[in-house]
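Step one of this worksheet: look at the structure below.
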Amino acid sequence: MLNNPYQTYQKQAVNTSKPEDLTYMLYQGIVKFIRLSKIAIENNNFEDSHHYNLRAQDIVSELMITLKQEFEVSKQLASMYDYMKRRLMEANLKKSTEILEEVEGYAVELMEAWSEAMKSNKATN
C-alpha cells in the first residue's frame, strides 16, 4: 500500500510539533471539519456531514482530555468545550448549519486567542 505524501507530511508535522502547536492544529481541525460538515449539509450529503461532525467532536474531546485541571483557565475551557461538544451533537441530529456556525465562531475565537498567546509567549522568551 502506497502512502499518501500529504498524510505522511501531516503525521510528521504532528510527531515533531510542540504541544502549543498541536493545540493550534486541533483548533484548525475543528474549524475545518465544521466547515466541511456545513458544506455537506448544504449539498444534502448527510452521511459526510455526520462523519465530519464526529471528527470535530473527537477533536473537542481530545482538547478536553489534555486540559491541566490545576489551572483556573482549564476549568473555564472545560465548560466551553463541553458546551461546544453538546452543540455539535445537536447540530448533527438536527443537521443544522446555524448551530455549526455558532460552534465554528467559538472555535475560530479560541484559535485566534491561542495564536495570540503563542505570539506573546515567543515575544517574552
Side-chain angles (χ1 to χ4, degrees):
M1 176 186 271
L2 294 173
N3 283 337
N4 175 328
Y6 181 69
Q7 288 175 332
T8 302
Y9 169 79
Q10 281 186 313
K11 191 172 189 176
Q12 187 67 25
V14 167
N15 289 336
T16 59
S17 293
K18 298 178 206 165
E20 59 269 19
D21 294 331
L22 289 173
T23 299
Y24 186 76
M25 286 185 225
L26 290 172
Y27 287 135
Q28 288 178 311
I30 295 169
V31 172
K32 171 186 154 186
F33 288 119
I34 287 173
R35 289 178 178 166
L36 289 171
S37 183
K38 286 189 325 188
I39 291 167
I41 289 171
E42 290 163 358
N43 292 321
N44 293 316
N45 187 339
F46 301 122
E47 186 176 331
D48 281 355
S49 172
H50 174 75
H51 170 75
Y52 295 132
N53 188 300
L54 289 180
R55 296 287 305 268
Q57 289 179 46
D58 288 344
I59 294 171
V60 173
S61 294
E62 182 64 27
L63 286 166
M64 292 172 88
I65 290 167
T66 61
L67 289 173
K68 294 184 183 346
Q69 293 301 321
E70 63 269 18
F71 300 110
E72 187 59 36
V73 71
S74 292
K75 294 173 184 148
Q76 295 165 354
L77 283 170
S79 293
M80 186 65 188
Y81 294 156
D82 181 62
Y83 177 77
M84 290 169 67
K85 187 165 180 185
R86 284 186 284 116
R87 292 295 280 168
L88 284 169
M89 289 189 283
E90 184 179 354
N92 202 17
L93 289 171
K94 295 180 178 179
K95 301 302 177 213
S96 170
T97 57
E98 293 82 12
I99 296 172
L100 288 173
E101 286 173 11
E102 173 195 348
V103 180
E104 179 185 0
Y106 296 135
V108 167
E109 281 184 44
L110 288 166
M111 182 175 65
E112 289 172 352
W114 190 259
S115 176
E116 287 303 313
M118 288 185 349
K119 287 177 192 171
S120 199
N121 189 37
K122 285 180 185 174
T124 60
N125 287 332

To the nearest 0.5 Å, how far apart are [atom1] in [X] and [atom2] in [Y]?
| X | Y | atom1 | atom2 | answer |
| --- | --- | --- | --- | --- |
| L36 | N45 | CG | CG | 11.0 Å |
| M64 | S74 | CE | OG | 12.0 Å |
| L100 | E90 | CG | CD | 10.5 Å |
| I34 | T97 | CD1 | OG1 | 12.0 Å |
| E102 | L88 | CD | CG | 9.5 Å |
| I99 | L93 | CD1 | CG | 9.0 Å |

Below 4.5 Å, heavy atoms only, C-beta onward: do [X] and [Y] meet side chain to side chain?
| X | Y | result |
| --- | --- | --- |
| Q76 | V73 | yes |
| W114 | E20 | yes |
| M84 | L63 | no |
| M118 | D21 | yes |

Exercise: identify the closest heavy-atom pair between [X] and [Y]:
| X | Y | result |
| --- | --- | --- |
| S115 | Y24 | CB-CE1, 3.7 Å |
| I59 | G29 | CD1-C, 3.6 Å |
| A40 | S49 | CB-N, 3.5 Å |

**Q.** Whether Y83 and Y106 hold their rings parallel, tilted or perpendicular, with breakpoints at 30° and 60°
**A.** perpendicular
Q.
Strictly by salt bridge (charged side-chain N to carboxylate O under 4.0 Å, His left out), give each pair with a member in residues 37-56 just once, sequence neighbours left out.
A. K38-E104
Q | Shared hydrophobic cluster, M80 / L26 (ILVMFWY, side-chain heavy atoms < 4.5 Å) | A | yes
**Q.** For K95, all residues meeting salt bridge (Lys or Arg N to Asp or Glu O under 4.0 Å), sequence neighbours excluded
**A.** none
Q: I would like to know whether Y81 and L67 meet side-chain contact (heavy atoms from CB on, under 4.5 Å); could you show each step before the answer?
A: CA-CA 10 Å; Y81 294 156; L67 289 173; 3.9 Å; yes
Q: Please collect all side-chain hydrogen bond (donor to acceptor under 3.5 Å, both in side chains) contacts where either partner lies in residues 56-68, sequence neighbours excluded, each pair once.
A: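 The answer is N53-Q57, S61-K85.
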